[in-house]
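Report on the structure given below.
For ligands, and for the atoms within them, numbers begin at 1 and follow the listed sequence. All of these numbers come straight from a predicted model, not from anything done at the bench.
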Amino acid sequence: MPKWMSAKLEPYEASIFDVIGQLVRQQEGVVNLGQGFPDFDGPDLIKEAACQAIRDGHNQYAPMPGVPPLAKALHGKYLETTGIDFDPAREITILAGATEAMYAAITSICERGDEFIVFAPIYDTYVPIIEMNGGRAIEIPLEPPSFRFDPDRLRAAFSSKTKGIIINTPHNPTGTVFNRSELELIRDLCVANDTIAFTDEVYEYLVYDNHEHISMVSLDGMRERTVTISSTGKSFSMTGWKIGWVVAPPEATEAVRRLHQYIAFCIATPLQYGMAAGITHQAVLTAELREDLTAKRDWICQGLANLGFGITKPEGTYFVLADISPLTTSQDTEYVLELIRREEVRVATIPNSVFYMDQSVAPKNYLRFCFAKKTKTLELGLSQLAGIRG
Ligand SMILES: Cc1ncc(COP(=O)(O)O)c(C=O)c1O
């Protein structure tokens with residue numbers, strides 16, 4: 001028999017996400033507040049623009065780096081948000097979501113033995129990407145309950161081997177939005193150690209109250225050492241379209257494009273046209289979504305607190321980590337399975353500890369709830385969750 005699976009993939013078994021997904025499918029009446037995407041639809045304006053592109057005959061391969069109207073829209077977006085006049089021809093590339101963007105960016109740069117700093121909890125694709133490329137991930141915790149990093153620990157993690165640092169802000173699953181002084185410290189360490197910052201800004205428009213999303217590339221000294229990654233899935237509640245991008249210095253862009261030509265080559269043409277329209281109308285669409293999500297965040301945080309969970313309100317994203325230690329001595333994974341299975345509850349969430357490499361340092365008393373859901377889904381979820389008192 002042939003050996004089908006390369007050794008590089010063997011460590012990455014089916015995750016708890018699959019296990020939870022399967023349980024939810026098998027069991028009737030489970031309200032899924034675990035899945036990290038909306039159960040409501042995105043703006044008509046974007047759908048219309050994509051349909052128009054299809055009717056106009058934009059149905060063949062797109063140019064490899066992306067269609068000109070989307071590159072132009074992104075150029076305008078970054079000029080406005082960072083003050084930087086990126087050259088679309090040499091610095092902006094459209095890829096299949098932030099996922100392909102991160103894969104292509106790390107793969108095109110990483111050499112065997114390179115180290116990459118990642119903040120834990122860690123979004124699940126980063127470590128496999130680094131390790132499959134022969135790199136090593138160094139985990140720095142965001143420490144509960146405020147979920148911020150310890151500057152001394154971060155300083156100690158940097159060395160001449162530190163090729164990159166991945167900065168996901170706003171951060172999934174903690175909801176932390178890195179502030180200017182945190183980013184400046186990271187900047188100083190990157191400059192001192194000749195390190196590249198890879199950002200994951202997919203929640204860039206989902207920030208609440210007075211919190212501000214700051215793109216690392218906008219900080220002095222970072223333009224020439226930042227690979228900015230983002231996508232439209234979360235900003236426009238259309239995660240299925242998978243339109244993302246890398247904005248990076250010309251040499252890095254050249255490397256990413258070399259790889260992208262052998263992965264996807266190019267990304268769905270009419271969907272790129274649709275998202276170009278979305279980005280052009282970003283201000284209005286973001287204001288609507290942010291208003292809706294702010295109300296949902298406040299409502300779910302209050303509801304969970306009333307049930308006895310410990311809550312730190314998220315500054316951004318559409319997730320809240322709820323502390324279960326006031327309610328149970330169980331660990332998070334065990335408690336998640338219990339809440340799905342228990343007849344009088346049946347609510348699915350995600351255990352925080354799955355987002356850590358080193359289980360010995362992972363806090364095991366947090367569950368991730370996603371509040372990008374219809375009001376009626378959230379109401380049903382919280383009313384079923386009240387069953388934990390039973
Ligand atoms: C932090 C983070 N990065 C990247 C992604 C994936 O983005 P995309 O759908 O654009 O590939 C997600 C999706 O949940 C995410 O939470």
> Looking only at protein heavy atoms, which one is nearest to atom 7 (O) of ligand 1, and how far off is it?
Replying inline: Ala98 CB, 3.7 Å
>> With salt bridge (charged side-chain N to carboxylate O under 4.0 Å, His left out) as the criterion, how do Asp209 and Lys313 come out once you've worked through the C-alpha distance, each side chain's angles and the decisive distance to 0.1 Å?
In response: CA-CA 11 Å; Asp209 309 326; Lys313 260 194 189 181; 5.7 Å; no
>> Check for me whether Arg297 meets the cation-pi criterion with Phe371, that is, NZ or CZ under 6.0 Å from the six-membered ring centre and within 45 degrees of the ring axis.
In response: no
> Parallel, tilted or perpendicular: which describes the rings of Phe149 and Phe178, with under 30° parallel and over 60° perpendicular?
Replying inline: tilted
>> Please report whether ligand 1 has a polar contact with Tyr203, defined as an N or O pair separated by less than 3.5 Å (distance criterion only).
In response: yes
> Quick check: does Asp200 get an N/O under 3.5 Å from an N/O on ligand 1?
Replying inline: yes
>> Could you walk me through whether Ser360 and Asp358 satisfy the side-chain hydrogen bond (donor to acceptor under 3.5 Å, both in side chains) test, starting with their C-alpha distance in whole Å, then the side-chain angles of each, then the deciding distance to 0.1 Å, before giving a yes or no?
In response: CA-CA 5 Å; Ser360 71; Asp358 180 356; 2.6 Å; yes
>> Between Arg223 and Glu91 (salt bridge meaning N to carboxylate O under 4.0 Å), is one present in this structure?
In response: yes
> Can you check whether Asp298's main-chain N or O pairs, donor with acceptor, with Lys296's side chain at less than 3.5 Å?
Replying inline: no
> Which heavy atom of the protein is the closest neighbour of atom 9 (O) of ligand 1, given with residue, atom name and distance?
Replying inline: Lys242 NZ, 3.2 Å
> In terms of atom number and element, which parts of ligand 1 are under 4.0 angstrom from non-hydrogen atoms of Asn168?
Replying inline: 1 (C)
>> As an exercise, identify every atom of ligand 1 less than 4.0 angstrom from a heavy atom of Gly97.
In response: 10 (O), 11 (O)
> In terms of residue, atom name and distance, what is the protein heavy atom nearest to atom 13 (C) of ligand 1?
Replying inline: Lys234 NZ, 3.0 Å
> Less than 3.5 Å between some nitrogen or oxygen of Gly36 and one of ligand 1, yes or no?
Replying inline: no
> When only distance counts, is Thr239 in polar contact with ligand 1, meaning an N/O pair under 3.5 Å?
Replying inline: no
>> Against the six-membered ring of Phe37, is Lys373 placed for a cation-pi contact (under 6.0 Å from the centre, within 45° of the normal)?
In response: yes
> Is it the side chain, the backbone, both or neither of Thr99 that has a heavy atom closer than 4.0 Å to ligand 1?
Replying inline: both
